[in-house]
Protein chains: 2
Amino acid sequence: MSEKATTNLQSIRDEFVAQWGIMGTQWGINRTMAQIHALLMTSPEPLSTDEVMDELTISRGNAHTNLKELVGWGLIRILTKKGERKEFFEAEKDVWEMFRRICQERKRREIDPALAVLTRCKEETEGMDSAEAMAFNSQMKELEEFVSFGAKMSERVGGMQHGKAMQLAMKLFG
Amino acid sequence: MSEKATTNLQSIRDEFVAQWGIMGTQWGINRTMAQIHALLMTSPEPLSTDEVMDELTISRGNAHTNLKELVGWGLIRILTKKGERKEFFEAEKDVWEMFRRICQERKRREIDPALAVLTRCKEETEGMDSAEAMAFNSQMKELEEFVSFGAKMSERVGGMQHGKAMQLAMKLFG
DNA sequence: ATGAAATTTCAATAATTACTGAAAATAGAT
DNA sequence: ATCTATTTTCAGTAATTATTGAAATTTCAT
């Protein structure tokens, strides 16, 4: 029974990894990266590159690239055992911490560049006096203000401790 | 000078459309769809399929597919002039309304399916008593709770009037 | 310094996704 | 009911993105 339970757990976990991969692609994240993340999130202990390769049946290059990409997102970290050169990877498992990291990185990679475009388009049409130009300028301004406000909000929320944030949310939406 | 201003506005607008397209791809949205959205967001009046094709130099099929996709997201709407069969497309320009639509659709398309996976993985490991299974179960539970909480929050915020939401945000983060 | 064990890179290829253009279907004016 | 403008579909193709696998590089124990 213990054996059956383990087998069953394994198959559910595999299913989770596969599904997370599919969800990833729908989010615009590459499948392998999402799968590795799911794998490490549900791994009792850190895994080496070779173990990840084996579990997911992927090449070394693929495993390596996506592991490093996940490190870049701050969603996994590298561990080493003393006297070994080999690297092991461990996922951040705390959901609030995960959320914070994703917010931070999305801001850096997606929001900030978008803001730069909006600001530039706004500024370059600042003096124009045709009706069209004024409408364009004001649209850019509204977008810019909204995005920048949203970014600030997420910065604030992401800066809070889990407990504080929950407390706040509860107060808002009892 | 009016002519020069117009020319200049045109080029800035083109730049905006192009940049928005690139940003789109980084968000996992297809380039053309993002470009059409940018084009319509900054168009003084509704555009027909042919006009979109011309502006972006894309095929009819491409224009059609992405226009309909944007309608599906609730980010643009169809207008018809009486006595004409031709359809014209107009973007939602209010940023708060845009935000609401995007929240709604992302919930429907991305969050809800993710929740379904998490719930199933949680439930199917509910009775298991190995340490591994319990850790997996609890990880699924934490993810599920967090995502479902986030979904509820966004539902609440998305249900508010712009003014109310701003008021609230100000109170929080004055 | 050397060698073994690991990581990193990258050109070639596979897989996926986006786009075209023309044919088929549809809807509305007459 | 017919004709025509318009929308819709979709097979073929192009463009993009992901993956492989092997060679190059690095690191560290000896």
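Below, chain A is the first sequence line, B the second, and so on; all start at residue 1. Side chains are part of it too, since the values below use all heavy atoms of this structure and drop only hydrogens, waters and symmetry mates. Given the structure is predicted, the values throughout are model-derived calculations rather than measurements.
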Enumerate the ring pair (Phe, Tyr, Trp, His ring centres under 6.0 Å) contacts for residues 10-41 of chain B, please, sequence neighbours excluded, ordered by first and then second residue. B:Phe16-B:Trp20
Scan for ring pair (Phe, Tyr, Trp, His ring centres under 6.0 Å) pairs involving residues 99-138 of chain A, sequence neighbours excluded, and state none if there are none. A:Trp96-A:Phe99, A:Phe99-B:Phe146
Of all residues at least two apart in sequence or in a different chain, which pass the side-chain contact (heavy atoms from CB on, under 4.5 Å) check with B:Asn62? B:Thr32, B:Ile58, B:Ser59, B:Asn66
Applying side-chain contact (heavy atoms from CB on, under 4.5 Å), can you list everything that pairs with A:Ser148, at least two apart in sequence or on another chain? A:Leu115, A:Lys152
Applied to residues 111-123 of chain A, the salt bridge (Lys or Arg N to Asp or Glu O under 4.0 Å) test, sequence neighbours excluded, yields A:Lys107-A:Asp112, A:Arg120-A:Glu124, A:Arg120-B:Glu15, A:Lys122-A:Glu144
Distance in angstrom units between [X] [atom1] and [N] [atom2], rounded:
X: B:Glu87; N: D:dT7; atom1: CD; atom2: C1'; value: 7 Å
X: B:His64; N: C:dT26; atom1: NE2; atom2: P; value: 13 Å
X: B:Ile36; N: C:dA18; atom1: CD1; atom2: C1'; value: 12 Å
X: B:Met53; N: D:dT7; atom1: CE; atom2: P; value: 10 Å
X: B:Glu51; N: D:dT7; atom1: CD; atom2: C1'; value: 16 Å
X: B:Asn66; N: C:dT20; atom1: CG; atom2: C1'; value: 13 Å
X: B:Asn62; N: D:dT9; atom1: CG; atom2: P; value: 15 Å

Flag the pair [X] / [Y] as yes when at least one side-chain heavy-atom distance between them is below 4.5 Å, and no otherwise.
X: B:Lys68; Y: B:His64; result: yes
X: B:Ile22; Y: A:Val117; result: no
X: A:Leu40; Y: A:Phe89; result: yes

With sequence neighbours left out, write down each residue that passes side chain to side chain donor-acceptor pair (under 3.5 Å) with B:Thr49, or none if nothing qualifies. none
Using modelled atom types only, decide if a donor and an acceptor are shared between the side chain of [X] and the backbone of [Y] within a distance under 3.5 Å.
X: A:Arg13; Y: A:Leu39; result: yes
X: B:Thr65; Y: B:Gly61; result: yes
X: B:Lys93; Y: B:Thr42; result: no

Nucleotide N/O of nucleotides 22-24 of chain D paired with protein N/O under 3.5 Å:
none

Evaluate B:Arg31 against B:Ile36 for side chain to side chain contact (heavy atoms under 4.5 Å, CB included), listing each step before the verdict. CA-CA 9 Å; B:Arg31 193 200 324 286; B:Ile36 295 179; over 6 Å; no
Which residues, if any, of residues 21-35 of chain B bring a heavy atom under 4.0 Å of DNA chain D? B:Arg31
Show your working on side chain to side chain contact (heavy atoms under 4.5 Å, CB included) between B:Asn137 and B:Met134 and close with a plain yes or no. CA-CA 5 Å; B:Asn137 177 265; B:Met134 286 171 71; 5.5 Å; no
Counting only pairs under 3.5 Å, give me each side-chain donor-acceptor contact of residues 69-83 of chain B, with atom names and distances, residues two or more places apart or in other chains.
unit_1	atom_1	unit_2	atom_2	d
B:Glu69	OE2	B:Arg109	NH1	3.3
B:Arg77	NE	B:Glu90	OE1	3.0
B:Arg77	NH1	B:Glu92	OE1	3.4

Mind listing the N/O atom pairs, protein and nucleotides 2-5 of chain D, below 3.5 Å?
unit_1	atom_1	unit_2	atom_2	d
D:dA5	N3	B:Arg85	NH1	3.0

Apply the test side chain to side chain contact (heavy atoms under 4.5 Å, CB included) to residues B:Asn8 and A:Met128: give CA-CA distance (whole Å), side-chain angles for both, the deciding distance (0.1 Å), then the verdict. CA-CA 10 Å; B:Asn8 197 19; A:Met128 300 186 182; 3.4 Å; yes
Terminal axes of the helix from C:dA1-D:dT30 to C:dT30-D:dA1 (five pairs each): angle between them, nearest 10 degrees: 30°
Expected output is a numbered-order residue list: members of residues 67-83 of chain A with a heavy atom under 4.0 Å from any atom of DNA chain C. What is it? A:Lys68
